[in-house]
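Just below is one structure, and these are the notes that go with it.
Below, all heavy atoms of this structure are taken into account, side chains as well, without hydrogens, waters or symmetry copies.
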Amino acid sequence: MEALIEDTELEFELQEIYLTGKQWLADLAFLDNEHVFLTKLLAGEKNAARHIEEGLHSAMLEQHDLHKDILHFINKIEQLIVVPGAVIGLSLIDDLISLQIRVGGALLAMKDLKLALTGIRRAA
């Protein structure tokens with residue numbers, strides 16, 4: 001990916017946003033690993049609550065959708081960096097904020113599921 005933007009400050013900001021998208025993908029990879037771990041842990045639990053299993057399944061589906069949306073966002077950023085004369089719209093900011101909120105929500109949801117599972121294991 002070779003940048004063609006002549007405005008170095010804009011190019012820097014777009015590259016920062018691009019790297020943010022890459023970090024989100026790393027966060028989702030972490031969540032995938034957590035999901036596998038918790039699923040295995042739940043499989044061994046006799047007293048596993050159904051809501052935790054459903055929460056894990058729901059989190060997995062959201063992470064899958066989020067992964068696709070982040071890849072789409074990163075592709076848009078790449079085009080803004082490398083395509084001469086690409087137009088930057090306000091929707092870029094909306095997309096950035098929306099994805100940022102969704103990634104934060106996914107991380108918090110996994111934390112909540114882990115805490116719920118810890119509570120079940122302590123009660124057993």
Practice item. Would you mind listing every side-chain hydrogen bond (donor to acceptor under 3.5 Å, both in side chains) that reaches into residues 87-112, with sequence neighbours excluded? Key: Glu62-Arg102, Asp69-Arg102, Lys76-Asp95
Point to revise | Joint cluster assignment, Leu99 & Ile93, ILVMFWY side-chain distance < 4.5 Å | key: no
Review point. Can Met60 be reached from Leu107 by stepping across I, L, V, M, F, W or Y side chains whose heavy atoms are under 4.5 Å apart?
Key: no
Point to revise | Listed partners of Glu34 passing side chain to side chain donor-acceptor pair (under 3.5 Å), at least two apart | key: Lys114
Give every donor-acceptor pair under 3.5 Å between a side-chain atom in residues 22-32 and any protein atom, sequence neighbours left out.
{"from": "Gln23", "atom 1": "NE2", "to": "Asp27", "atom 2": "OD1", "distance (Å)": "2.9"}

Exercise for review: Inspect the surroundings of CG in Leu61 and state if more than 12 heavy atoms from other residues, nucleotides or ligands are less than 6.0 Å away.
Suggested key: yes
Check your understanding: Between Ile70 and Leu66, is any pair of side-chain heavy atoms under 4.5 Å apart?
Key -> yes
Review point. With hydrophobic residues grouped by side-chain heavy-atom distances under 4.5 Å, do Val36 and Leu113 end up in a single group?
Key: no
Check your understanding: Side chains of Leu42 and Leu38: closer than 4.5 Å at any heavy-atom pair?
Key -> no
Exercise for review: Output the distance between atom CD1 (Ile101) and atom CG (Leu108), rounded to the nearest 0.5 Å.
Suggested key: 12.0 Å
Check your understanding: Taking the side chain as C-beta and beyond, is there a heavy-atom pair between Leu56 and Leu117 under 4.5 Å?
Key -> no
Check your understanding: Would a 4.5 Å heavy-atom cut-off, applied to side chains only, mark Leu80 and Ile17 as touching?
Key -> no
**Study point:** Ile52 side, atom CD1; Thr39 side, atom OG1 - distance, nearest 0.5 Å
**Key:** 11.5 Å
Revision key, fill the gap. Tightest non-hydrogen contact, residues Tyr18 and Ile81, listed as CB-CD1, 4.4 Å
